[in-house]
K.L.:
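Okay, handing you the structure first.
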Amino acid sequence: MMTITTAHTIDADTYHELQEIMADKFTELLDVFHQDVVAAIDALQQSITQGDSQQVGIICHKLKSSSRLIGAFGMAELARLLEEYKDDQDQIRAMQHWQQLNTTYAEVCVWLNAHAPIVTALSA
């Protein structure tokens, strides 16, 4: 089994650049990211179990893009590996990658919580 490891859970430069670009909408973007990933992980497990490789490919394509956007390159790589399931139909390997994706997402959550933007209220 191939294990994906990264020195950094999130690429800080990518994360901070996106934070700068998104400004006030950054927190909302992170909320949507979390919602999408949780839904994707659940849907992936179900699709893999049911042998629906086409759906796995669709879910992973979106997950790969959103992970790269925030700098979660380890997650993006796991999504890419899972996306291959649509071609190779290796359900055991797909479940292993899915489990790694869960672990990596948990690590991403820890990193994001530690680096969450500080929201300050403006006084009038």
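No experiment lies behind these values; they were computed from the predicted model shown. Atoms considered below: every heavy atom in the structure, side chains included; atoms not considered: hydrogens, waters and symmetry mates.
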K.L.:
Using side-chain heavy atoms (C-beta onward) and a distance below 4.5 Å, is Ile58 in contact with Gln55?
P.N.:
yes
K.L.:
Does Ile59 form a side-chain contact (heavy atoms from CB on, under 4.5 Å) with Leu82? I'd like the steps, not just the answer.
P.N.:
CA-CA 9 Å; Ile59 295 166; Leu82 264 167; over 6 Å; no
K.L.:
How many angstroms lie between atom NZ of Lys64 and atom CG of Leu81, to the nearest 0.5 angstrom?
P.N.:
10.0 Å
K.L.:
Do His34 and Tyr105 come within less than 4.5 Å of each other through their side chains, counting heavy atoms only?
P.N.:
yes
K.L.:
Where do Thr14 and Leu18 land on the side-chain contact (heavy atoms from CB on, under 4.5 Å) test, with the steps shown first?
P.N.:
CA-CA 6 Å; Thr14 301; Leu18 181 63; 5.6 Å; no
K.L.:
How long is the straight-line distance from NE2 of His16 back to CG of Asp11, given to the nearest 0.5 Å?
P.N.:
9.5 Å
K.L.:
Under the side-chain contact (heavy atoms from CB on, under 4.5 Å) rule, what do Gln45 and Thr49 come out as? Steps first, then yes or no, please.
P.N.:
CA-CA 6 Å; Gln45 181 184 27; Thr49 301; 4.3 Å; yes
K.L.:
Taking the side chain as every heavy atom from C-beta outward, state whether Asp90 and Ile92 have any pair of such atoms under 4.5 Å apart.
P.N.:
yes
K.L.:
Run the ring-ring contact (aromatic ring centres under 6.0 Å, His included) test on Phe26 and Phe33 for me, step by step, so that the C-alpha distance in whole Å, both residues' side-chain angles and the decisive distance to 0.1 Å come before the verdict.
P.N.:
CA-CA 10 Å; Phe26 187 69; Phe33 171 77; over 10 Å; no
K.L.:
OG1 of Thr104 to CD of Gln99: how many Å apart, nearest 0.5 Å?
P.N.:
11.5 Å
K.L.:
Roughly how far, to the nearest 0.5 Å, is the CD1 atom of Ile41 from the CG atom of Leu63?
P.N.:
7.0 Å
K.L.:
Counting only heavy atoms not in Gln89, do more than 12 sit closer than 6.0 Å to its CD atom?
P.N.:
yes
K.L.:
Step through the shown structure and confirm whether more than 12 heavy atoms of other residues, nucleotides or ligands are within 6.0 Å of CG on Asp88.
P.N.:
yes
K.L.:
Please determine if Glu77 and Arg80 form a salt bridge, counting it only when a charged side-chain N lies under 4.0 Å from a carboxylate O.
P.N.:
yes
K.L.:
Looking at Ile48, is its backbone amide N or carbonyl O close enough to the side chain of Gln91 to form a donor-acceptor pair, meaning the two atoms are under 3.5 Å apart?
P.N.:
yes
K.L.:
Please determine whether side-chain contact (heavy atoms from CB on, under 4.5 Å) holds for the pair His115 and Ile10, giving the CA-CA distance in whole Å, both sets of side-chain angles, and the decisive distance to 0.1 Å.
P.N.:
CA-CA 10 Å; His115 296 85; Ile10 296 280; over 6 Å; no
